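Each remark here refers to the structure printed beneath this line.
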Number of protein chains: 2
Amino acid sequence: MSRTLSDFEASQSGSPAAGRGGRPQRTQSCLVTKLSQLIDLSEVELDSLSRLQTEERDFARDEVLFSVGDHHQDLYIVQDGWLFNAIDAPDGRRQIVNIYHPGDIIGFPDIALSTRTTDLVAVTKGSICPFPKSGLGTVFMEAPRLAALLLSIALREETVLIDRLRVFSRSSAQARVAYLFLELHARLRSTTGDAGNTLYMPLNQHEIGDSVGLTNVSVSRAVTALEERGLISTASREVTLLDMEELQKMCDFEDRYAQVVTDWFP
Amino acid sequence: MSRTLSDFEASQSGSPAAGRGGRPQRTQSCLVTKLSQLIDLSEVELDSLSRLQTEERDFARDEVLFSVGDHHQDLYIVQDGWLFNAIDAPDGRRQIVNIYHPGDIIGFPDIALSTRTTDLVAVTKGSICPFPKSGLGTVFMEAPRLAALLLSIALREETVLIDRLRVFSRSSAQARVAYLFLELHARLRSTTGDAGNTLYMPLNQHEIGDSVGLTNVSVSRAVTALEERGLISTASREVTLLDMEELQKMCDFEDRYAQVVTDWFP
DNA sequence: CGCAGCCTTGAGATTACTCAATCAATGTGG
DNA sequence: CCACATTGATTGAGTAATCTCAAGGCTGCG
């Protein structure tokens, strides 16, 4: 049921073309799609990226793709599906660090360390594109503007973490939950371009609690309270944000996904 | 104009007081000092950095060096003194995001955005070296290995933030305070090389609370409890870590400052 | 000596947690 | 198509932790 990355990497190095359930090779790598949204890529840059292209990998719902302590060779770009990475605390609780959607880069912070610092778990089925860590060196040599873009992406992630640190260390349960919904909404909108206020929410309340540092019980009460205040409404696997202004106010939310500044790029 | 590695080494060994107390040679950029601790710099790289050198700036205790919303042109490298950056919450409380010591880079996450996301406040008097944001582009063009190092530093910062998110969203007051002391200890040790277990602590308990998401009252109680348990002892402006093992266990601390992996560097 | 900033301590209020039971939704097999 | 199992969500009651408000003590400095 749950396969680890080590299995995957072993099978990859053994017979690269024999990935099970492998989809047809895309003519365009996931990373190119991702980065093209942010800057226009030159021929040289496209060429540099295309050489890093690796076969994509499918994953099943609830699959654990890697675990804390695993040695790693790759970054991943999400092609399809939702995933999150998490750390288990000694007391049995769990902190969900980041929730990933199509277009997101997974495992960036780990490349400065020798082993994984989080588990990667699939929320839905989907697929990811591996991107060899060693290929980063090539990008830095051949495509400095791409390298700068990667730094920008890492720095934006950091800003988001700072925002979250502020919210989660001080705010009420309702504000934390509101923040999570707003952040997911902003991220999904930035990648899908969808402007609606309803978002798909495959996480259950226990997982929401793991994300924002609450128990499932407290999440339930917070969601109910937000509904009663008329700020959100929930369906089976969906959340609708009814009063964006009030929601943003109550958790001091700022959208960091709207822009990436490139003025200092080479 | 161009500085050689031997010049560099000579100036290093020639000014033994170049650590915390004294002021290093002005001819030596702060950033070179910082980065040299992590990798050996080539002549080209030193040359690329030396052109970015700007005059350093002194600051006074409690001075606010920049504020949320300011437009920015520079990163800063701390030359001397302690600072922190913080965000004021609408309810009047404050979140201290990061505490900076000599050798640290300030303002990195902001360069992906157009304005500052935090205030920068001096804890003690000291000085910083501005490093023009536009110079980053040059580094990415001319010195890809330096660029990769900068990315690594940003990614390490991100890992530290993830650790903190985990601790501050779930742990008890005692664990939060213990974590702060351990992190400061690890950082100071990594830059000064000091192996002692006593650390200088210019922050008052209100500021400690702003760092870890507690009130000054709770900080006082947590510190007292840690002392009664024999885990730490405090003097006027100093904290001594008496039982590192137990402290690390209670807050699940990991030292991220011990290593930077460079195996993928160009 | 007296002031100001900081730390400590107490008591009650608030908030989220734990434990436990129940309800609702979803999926499965007969 | 329905009975049943499973998972997830809700609700209640009591507990534990931190917060707020407030008073008092300590320390360094003019």
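All values reported here derive from a predicted model rather than from experimental measurement. Naming convention: chains lettered A, B, ... in sequence-line order (proteins, then strands); numbering from 1 in each chain.
- When only modelled atom types and interatomic distance are considered, A/T234 and A/E227 share a side-chain donor-acceptor pair under 3.5 Å.
- Nucleotide C/dC7 holds its C1' atom 14 Å from the CD atom of B/E207, rounded to whole Å.
- Ion pair B/R166/B/D252 flagged as a salt bridge, since at least one NZ, NE, NH1 or NH2 atom sits closer than 4.0 Å to an Asp/Glu carboxylate oxygen.
- The nearest whole Å value for the distance from the CG atom in B/D91 to the C1' atom in C/dT15 is 15 Å.
- Between A/E238 atom CD and D/dA9 atom P there is a gap of 15 Å when expressed in whole angstrom units.
- Checked for salt-bridge contact, A/E158 and A/R256 miss the test: no charged N lies under 4.0 Å from a carboxylate O.
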Checklist outcome for this item: Scoring nucleotides 10-19 of chain D by protein non-hydrogen atoms under 4.0 Å (B base, S sugar-phosphate only, - none) yields BBBB----SS
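- A/R94 and A/D210 are joined by a salt bridge, as a carboxylate oxygen and a charged side-chain nitrogen come within less than 4.0 angstrom of each other.
- In summary, the side chains of B/N197 and B/T240 do not present any donor paired with an acceptor at a separation below 3.5 Å, with no hydrogens or angles considered.
- Between the P atom of C/dC7 and the NE2 atom of B/H206 lies a distance of 11 Å, rounded to the nearest Å.
- The nearest whole Å value for the distance from the CZ atom in A/R176 to the C1' atom in C/dC17 is 12 Å.
- Using a 4.0 Å cut-off between charged nitrogen and carboxylate oxygen, B/D80 and B/K125 do not count as a salt-bridge pair.
- Among the heavy atoms of the strands lying under 4.0 Å from A/S236 are primed sugar atoms or P, OP1, OP2 only; no base atom is included.
- Rounded to an integer number of Å, the gap from CG of A/D62 to P of D/dT7 is 11 Å.
- A/R237 has its CZ atom 13 Å from the C1' atom of C/dA24, to the nearest Å.
- Between B/M201 atom CE and C/dC7 atom P there is a gap of 11 Å when expressed in whole angstrom units.
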